J.: 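Before I ask anything, here is the structure I am working with.
Just so it is clear: chains get the letters A, B, ... in the order the sequence lines come, proteins before strands, and each one is counted from 1. For clarity, every value in this text was computed on a predicted model and none was experimentally measured.
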Amino acid sequence: MSRFEPKIVGFFCNWCTYTAADLAGTSRLSYPANIKIIRMMCSGMVDPKYVIKAFLNGADGVLIGGCWPGDCHYINGNLKARRRVAMLTEILKAYGIEEERFWLRWIAASEGNMLQEVVEEMTEKLKELGLGQLNREKMAG
Amino acid sequence: MHERIGFYICHCGINISYRIRVEEVAEYAATLPGVAVSRDYLFMCSDPGQELIENDIKAYNLNRVVVASCSPRMHEKTFRGACQRAGLNPYNAFHMVCVREHASWVTENEDEATAKAKVLASAGIKRVVFQDPLIPSRFKVNSTTLVVGGGISGMQAALDIGASGFKACLVEKSPTIGGHMLQYDKTFPTLDCAACIGTPKMVEVGQSPNIDLLTYSEVENVSGFIGNFKVTVNHKARYVKSNCTGCGECAKVCPVELPNEWDENIKMRKAIYIPFPQAVPVRYVIDKRSTPPCKLACPAGTNVQGYVQMVKVGNYQQALNLMMERLPLPGVLGRVCPHPCEYECRRAQIDAPVAIRDLKRFAADHANLEDVPLPQVPEIDQKIAVVGSGPAGLTVAYYLRRKGYQVSMFESMEKPGGMLRSGIPDYRLPPAILDQEIDHILSTGITLETNVKFGMDFSLKDLRENGFQAIFLGIGAHVPIKLNIENEDAEGVIDAVPFLYRKNMQNDRTTGRQVVVVGGGNVAMDAARVALRSGAEKVSVVYRRTRKEMPAEEEEIQGAMDEGIEFVNLTGPKKIVVENHRVCGLECIKNELGPADNSGRRRPVPVVGSEYILECDMIIPAIGQKVDLKPILEKAGFETTAWGTLSVNHTTMQTTVPGVFAAGDALIGPATVVEAIAGGHRAVTAIERYLNHEMDLFEQENQGRKTAVEEKNYVPIPANAPRVNREKPVFFETAARRNSFEEVDLGLDEVAAQKEAARCINCGGCCECRLCVEQCRAMAIDHDDTDQQEVIEAGSIIVATGFDALDPTPISQFGYGRYANVFTNLEFERLSNATGPTSGRLLKRDQNNPMVFTEPPASVAILHCIGSRDINYHEYCSRTCCMYALKYAHLLKDKCGHETEIYNFYIDMRCFGKGYEEFYNRVQSEGVHMIRGKASQVTQEDSGLLVVKAEDTLRGKIVHVPVEMVILCTAMEPRADVNKIARTFSITTDKDGFFQEEHPKLAPVSTPSSGVFLAGACQGPKDIPDSVAQAKGAAAECLALSAKGEVEVPPMTSFIDPDICVGCKVCIGLCPYSAIEFDEFRNVSVVNNAVCKGCGSCAGHCPSGAAKIRHFTDKQIFAEIDGLLLN
Amino acid sequence: MADFKKLPFSKGELNTKLADFFKDMLEKKTVDALLAPMVQPKKGVMQTLVTHPSHVEAIDIFAPVVPVNAAKLASSLTSNPSGRKVAMVLRSCEIRALIELVKLKQAHLEDVLLIGMDCLGRYENQDFFKFQEQGNTSEDFIENALAGNTAFNDTDISAACKICEFPVADNVDLRLCIIAAGSGELLIESLTEKGEKALDSSDLSNAGAPKERQNAVQQLTEARINARDLLFKEHRETVNSIDALENEFAKCINCYNCRVACPVCYCKECVFVTDTFRHNGDQYMSWADSRGTLKMPADTIFFHLTRMAHIGLFCVGCGQCSSACPNDINLMPIFRTIAQKTQDRFDYQAGRSVDEPQPLAVFHDDEFIEVTGQVK
C-alpha cells in the first residue's frame, strides 16, 4: 500500500505566518505538500469550530500560525488564540486526537525557514502517528 | 445552483507551470460544481490576462471569479479591479488562490504540486460561492504627515511634503536634526562637505512654515488607522524654553563637562549644550540625569554634586549658597559629618571616592555667610517656638524663618548648640566656627532665650499662652550607660559625656595623670584625646575587640594613635581597683574573638585567668549613651517609646500632642548631626503644612508614592579614565597637639581643593548649581521643566529612524577600546570634521589619555567589512563602507600629506553608484595601497605601533603591516530599540532586524500597515543618494493620500447581529481597539466600524456566532475547509 | 458570620413550618417575592414565583425533583431586573450555574436574597411522579436519604446527583440545612450580611452550630467524589475516540433539547440553528460524495463537540442535558469528563466565585508557554 500522506490544514495569520509562507516561496524553500493553507487575518480569528470541522472532515493535523507574542498586528489576538488552543486541546485529546495533531506556532513574517522546518517536523510527526481517526473510519467504511 | 464561476490558473511565465500542470488543474476545475468556464493563461496579471476575465464575465455571465496564481498579498487588488470593471462587486465575486508561493515554488515533485494546486483550487471555488458583496468604507484623510526621525531622509521627506503645501510634523529624539549625515565631514564621491549640503536643509526644515519641528521628542503610541492616526509624542524635559536665543552664555558658566555623543564621545561638552554649532533648532538643552548617589545618600538631601562643582570652578560663595539651602551649619558639617555621601560616590569605581566633606569644609571656610542670599518672602505673623538649639532645633528655626515665620528658640544651657557644643571637643570643632554659624542663623531674625529648661522653667501651656501656634521639641538627651562593675562610683571615675561637657563648656582642664578610657567609639576617642590635651601623661583606650571592629571613624583612631594614645585591645574591664574611695587601677581581663554576634562583629570571649591590673588614677567609661526622657515628657503629657524616646508619627514628625513636633536624638537616640538636620527638615515641612491646615497632603503623597524603583540613568563611568589620587588635608603636627586644643585638621588648600573637586564624574549630569539661570538674559532656563505629552493627528506616517553604527569593542581581535589609535569610522569622521575635537586635523590619540590628540599619523590602515559580510555579526553588506573607506584614504592623503601610507584591507570593492568607480580609480591613482583580504587581527607593539595582520588573497600570502592608525569600517545595523519602534507603528522587521517593506521591488517604501511608510537606512543599509531618493518616494506616497483627501479602508470589519447577540459583553473585553460599545437600550454589543480593524477577536470567541467578521464568515471558512479535505 | 437559627417541626410539618417562615418574610416585606419549589394542583412540583403571602402554603422545597435548572428562571427574572427583592430557594447546581450566568451578564444578584438548601439528590421527573403517586413525601425522602438510602422501588436519584461533589450550596445569603441538623429540626444558616438581616427579622430562635454537620457533609461529599471518579474512569476508558463518541451520539436527532435544558448554554440562538448551518442540497451531496455516505441529520458530533468547546468551562454537572434527551443519550458523563479536563487546565471551577473571570474572557502575556513551546 502506498505511503500514508497526512492531510494538514493550516490557519495562518495574514501578517506573520502567511507572509512567512510567501517568503518561503520566494526563497524557494521546499517543504511537504501535505499542508494546505487557509488565510486568516489573525490567529485570534480562528474559531474552535474551524479546527473541529477540519478534524471531522478528515484532517490528520491542524496547524495554527500566528505572530510572536508582542508582535501581533492586532496587539494581542495571538494571546487569545493561545488560550483557545489550550482549551480545545483538552477536548480533542479526550477523543484520541492527540496533542501532536493540533499545533499552534509563532512564525514571524521573516521566518520563512522556520515555516519550512515546522511543516517538515509536523508532517514527519503525523506520519509516525499514522492515520487520523476519521480517515481510519473512512478507510474502513 | 445559480453561481456561475470562472476559474483561471496562471502560468506566471514558467514560475507556476514548470512545476504544476496548469492545463490539468484547469480541466479539473471545470468539473467542479458551479464552474462555468475554466482556463489557464501565461500571465493573468497582464492587461490581456485581466481583459480575459472581464470579457468572460460578460460572455459567460459569470458572477464569481477565482484566480489561482501568486500570493493574494501581491495581486488580489489587481483582479478585484478587473471584476469591478466588469460590474461585479469584487468582494462578492473574487477569490484568489496562491499556487506559486504556496505550491509551485515550495514543492519539488510535479505530481504533488499539481495535486496541491487542485485541492487549493477546489477550496477557493467552494469558498467564493459564499462571499458577500461588501462596500469599502471611505474616510477623510488628515493631510498632515508625521515624519519620525530628523536625519537626511526624514528632513528630505518633510521638506518635500512642506513644499507641496501640506503640513509635515517632524519628530526627532535628539536635541537637533541632522542625523548621521551631519556628523560626517565630506561625502563621497563628490567630496562636497556634508555640512555645506546638509545645514541648508536643516535650516530650511527649521524655517518652513509647513513643518512643525519637534526635537528632543519621541513617539510613544500610535492609534487610529490610515488617514486618521492619533500619535502620542513625548517631549522630553529640555529645561530650556523656546525663547532661548542660542547665545551660549549659559554653557560658558556651566561647570559640568561631559563627553559629547555627537562627537562620538571624543570631545567634551557642557551639561547645558547644543550638540554642534549649526544645530537646529539653536536651542540649548540641559542633560539632567537621575539624582546623583551622593545627594541621595545625604540624609539632609544636600546638593553635593552642585557644591563640589562650584569648588572646582572656584565659586565658593555659590557653593556655600547651595549648601545653605539644606545645611544650616556647613562649617560644622564640613568638620564632623560622617559623610555617608562618600560611601556612595561612584568615583570609587575608578580609584577612590571624592573627599566630599573636606570640600564642604573648604567652601564653608572660604565664603561669607553674610552673602548667602535669603529668599525674598513676606513676613508671616505666626509664632513658632523651637525648644532646644541643637542641630535639629537650629535647622527648624532657620528654615522656618527663611519662609517668613516668627521663630523663638529656647535653650537649657547657657550657650546654644546642644551636643555640638557640649559633646564635640574644640580641636575637632573650634567654638568660633560654631558661634559664627549659629550667629548667622540668629541674625536672620530669630530670638534666643538661654538657660531655660523645658519641663522645669516653662511648659507647653506657657508656650501656648504666649501665642505660639506650633512648637518644635529638639531637646536631645543623653544618659551614659554604666559599666556595671565594682566601685563604679569611686572618685576618679567620670563618664565621657560629663567629662567632655566640663571641658567644652566650663573650660575645666583638670584630668588624671594616667587616664584609662573604656570603649571604642567616637566619644571614646574624643575623651582620650581631650584627656591627653588636658595634660594627662598617659592615656590608654581599653577596647574589648580589635581595632578592626572599632566603631570610631578611621581618621579619629588614626589621630589618637598619632598623638601617642595607647590602645589596649581585646581587653575588657572587670572591676575598678580603689584605695580609700579613689581609683588606683582597672582590673582587666584579656579577650579572644568568638563567633559573630547579631551586630555582625565577632563576640569577645574572656580568657579565664588572664586578669591583670592596669594602673591609673582616672577612668572614663565611654561605652555609649542611652536616651531617657520618660519623666519630663510624660509629665508634659507626651507618649514615649519603650526605649524612653519621644514617640512621633515618623512621616509628619508630629508628637502625640497636636501642633507639637519633634526631631533629633530625642526621637532616634544618639545619632549623627546630619541625621538630626534631616529630621529638622521633615519637621519644617510638617509644621508649615500644619499651620496651613494641609496635613492631609502627607496621606495623598503616601498613596501617590510608587514602590517600583526606576533604574538610574547616571552618566556612565568614563572608560579608561586616568586614575587620580584623592587629596588629603593637612594636619596640625602631632608633637604640638599635647596641651593644645588647636584644630587638628587644617583642611585642603585651594589648589588641592579644586584638584579634588575635579575628580567628580558628575553622575547626575547637570549639577543644578543654577549659574546658567543667572546668566540667561532671555530667562529661558527652567530647572523644574518636566516631560510633556502631546497628541498629534496625522493622516500618514513616515518612519525614518535610521541606523546604529556597530560597536566594534566585542570584536576584540581589532583592539578597539584597548589601543588608543584604533578608531571607528564615525570617530574618524568627527576627527576630520571642522567642528570636531581637532577642528578637522587628523591626529593620533595620546596613548595614556584618549581625549588628547597629538600628531598626524605617518601610516594608516583602513579595515573594511567590520561586522558586515561576517556570519558572526551581520551577514549582509553595509553598502557604504567601500566608498567612505576610499574617501578616508583621499582625506588622509589630502590632509596629512601625500607621503602618508594608506592601506585598504578589503574583501571586494563595491563601487556601484554613479561616479563611484571613477572615484575608486582616482583614489588608487593617489597611491593608496589596496590589499585584497580581510584583516584578521590588530596588535600593538611596545612602541605603540599597530600591526595589521591579513591574508593578501591576490598574492596568496599572510602580510603584517605596521601602521600608526587603524580605522574600522563598522557595519550599519538596526537601531537598538528597533523592536519597540516596530511595535509602536505595528510594522515588522526582516531577518536582519531592519524594517520590512511591503514588497522588496514593487513596494519598497510601504509597509503592511497601510498609511505607514519607510525611508532611509531604517529599511536597510543605504548611502545618502539612496536615502534621499527613498525619502522622496515615501513623501510621494503620503502626498498621494493627502491629495486624494479620502481613503478606502477594507470592509473586512466585524459585525454583530443584534438579533443573535445576547449581550454577554465578553467581546467588549477582548477587543484590542475598544471598537465595541454596548447598546444598553437594545441590550446588545455594537461594533464601531471606524475603529474596528477586523482582527476577529470577537468573532473567534462569540459562541452564538452573533459576532461575524466580514469576508471571513463561518460559512466561507467551512466551505474552504470542505474544499481542502473532501474531494 | 455564620449564625444559625432553628426551625423545629414535628413529623409532617416541615413544609408548613417552612411556609410560615417564608410567609413571615413576605409579610414583613423582607422580600417582595419568593421563588421556590411549590406543589402543583394536579401533580408535580415546580419552581413558583409567589408575591402574595397567602400562596406560600404550597411550598415543598425538599421535593426530590428539579424539572428545570432554576438558574435559567433566575436569569429570566433578573436579566432585565424588576427592581423588586426576590428570595430564591435553589440547589447548589442551580446556584453554581447562576454564578456563571452572572459573569455573562445574563443575571443580576443585586435584588436577590439567595437561599441555598442541602441537596440529597433529585429523581427524574417521571420517577418523581411515581414517587408522589405512591404517597411518599419530601420528609420521607430526607429521612431515608440521610440514612443513606435514596432509592425507592426500582428507581434511584439521577446519575448526576450520585456523583455531585456539592451537596451543600455555597455563595448564598441563607442556607437551609438538614444534614446533621438533628431530627425534627431544620437549621437556617446566614452567611452574609444580607442573610443575617433577613434572618434576624424572623422570630426564629438562635441555635448553636451543629457539631456533626461538617463531618457529615464531608463524608457525603467524599462518597460522591469516589463515585464520580469511578464513573469518569469507566467513561474515559470506553468513550475515548471520535468513533466511540459517534456511537454515543448515534441516536442524536439534533433536537437541541440538551442545550435548551442546559443552564449555562446562554445563547439567545444557538449557532447551530442559525444560517451558518442551514446548508443547501448540493452541500449535503458533496459531503455524501466524499465518503459515499452521510448520516442524517448531519453535524451531530460537530454540534456536541462545539458545545463542549462553548460550555465545557461553565458546566456545573446538573445533568439536565441527560434528563432532557428524548433518546436517552447519556450526555452528563460526556460533558462532565470534558468539563473536568478543560476547567482544570485553567485551574477554574464553574460557579466557584463571581470574581473569577471566565478563562476565555481574559489573557496574559506570559502564560501557557507550553502550548507552542516556543520562547524567543
Side-chain angles (χ1 to χ4, degrees), chain A residues 43-44 47-58 63-72 75-99 102-108 111 114 118 121 132-141, chain C residues 232 235-236 239-246 248 271-272 276-277 286-287 290-293 295 298-310 312-313 334-335 337-346 348 358-376:
Chain A
S43 53
D47 186 318
K49 287 201 297 288
Y50 303 163
V51 180
I52 296 172
K53 166 99 176 165
F55 279 114
L56 290 178
N57 279 15
L63 169 61
I64 300 179
C67 310
W68 282 84
D71 297 349
C72 177
I75 302 171
N76 49 28
N78 48 357
L79 302 183
K80 297 156 206 163
R82 182 164 60 189
R83 275 188 170 233
R84 286 172 202 153
V85 169
M87 179 274 298
L88 188 54
T89 310
E90 294 301 326
I91 297 173
L92 297 176
K93 264 195 312 196
Y95 303 114
I97 299 174
E98 306 89 336
E99 231 162 334
F102 178 31
W103 292 19
L104 171 68
R105 288 294 181 274
W106 312 134
I107 303 174
E111 296 175 322
M114 195 205 281
V118 169
E121 191 190 345
Q133 295 210 22
L134 288 111
N135 286 328
R136 210 178 298 129
E137 183 193 281
K138 186 172 166 187
M139 300 281 173
Chain C
F232 282 7
H235 180 82
R236 290 198 171 112
V239 188
N240 58 2
S241 69
I242 293 289
D243 309 13
L245 194 65
E246 271 184 332
E248 290 294 303
V271 65
F272 278 81
T276 310
F277 288 87
S286 69
W287 291 330
S290 68
R291 294 194 185 165
T293 161
K295 195 199 96 188
D299 291 332
T300 50
I301 301 271
F302 193 6
F303 163 72
H304 291 290
L305 282 169
T306 306
R307 212 167 83 79
M308 291 177 200
H310 286 172
L313 286 162
I334 301 176
F335 276 77
T337 45
I338 289 300
Q340 188 187 42
K341 286 273 178 225
T342 49
Q343 294 182 19
D344 284 358
R345 179 81 187 247
F346 295 89
Y348 183 78
Q358 292 177 332
L360 295 187
V362 291
F363 53 88
H364 308 289
D365 292 352
D366 311 317
E367 60 172 13
F368 298 104
I369 305 299
E370 75 283 0
V371 171
T372 63
Q374 294 167 288
V375 228
K376 213 169 197 172

J.: Are A/Tyr95 and C/Asp243 packed together at the side-chain level, in the sense that at least one heavy-atom pair is separated by less than 4.5 angstrom?
T.: no
J.: Is the shortest heavy-atom distance from the side chain of A/Glu99 to the side chain of C/Glu370 under 4.5 Å?
T.: no
J.: If you compare all heavy atoms of A/Leu104 against all heavy atoms of C/Val371, which two are closest, and at what distance to 0.1 Å?
T.: CD2-CG1, 3.9 Å
J.: Need one label for C/Leu305: side chain, backbone, both or neither, based on atoms under 4.5 Å from any heavy atom in chain A.
T.: both
J.: In terms of heavy-atom proximity below 4.5 Å to chain A, should C/Val271 be classed as side chain, backbone, both, or neither?
T.: side chain
J.: What pairs with A/Ile75 under side chain to side chain contact (heavy atoms under 4.5 Å, CB included), at least two apart in sequence or on another chain?
T.: B/Pro1072, B/Tyr1073
J.: Name every donor-acceptor pair, under 3.5 Å, that has one atom in a side chain of residues 78-92 of chain A and the other anywhere in the protein, sequence neighbours excluded.
T.:
from, atom 1, to, atom 2, distance (Å)
A/Asn78, ND2, A/Cys67, O, 2.8
A/Asn78, ND2, A/Trp68, O, 3.1
A/Lys80, NZ, A/Asn76, OD1, 2.8
A/Lys80, NZ, B/Leu1070, O, 2.6
A/Lys80, NZ, B/Ser1097, OG, 2.7
A/Arg82, NE, C/Glu367, O, 3.1
A/Arg82, NH1, C/Glu367, O, 3.3
A/Arg82, NH2, C/His364, O, 3.1
A/Arg82, NH2, C/Asp365, O, 2.5
A/Arg82, NH2, C/Glu367, O, 3.4
A/Arg83, NE, C/Val362, O, 3.4
A/Arg83, NE, C/Glu367, OE1, 3.4
A/Arg83, NE, C/Glu367, OE2, 2.8
A/Arg83, NH1, C/Pro359, O, 2.6
A/Arg83, NH2, C/Glu367, OE1, 2.9
A/Arg84, NH1, A/Gly44, O, 2.7
A/Arg84, NH2, B/Ser1097, O, 3.1
A/Thr89, OG1, A/Val85, O, 2.5
A/Glu90, OE2, A/Lys93, NZ, 3.4
A/Glu90, OE2, C/Arg345, NH1, 3.0

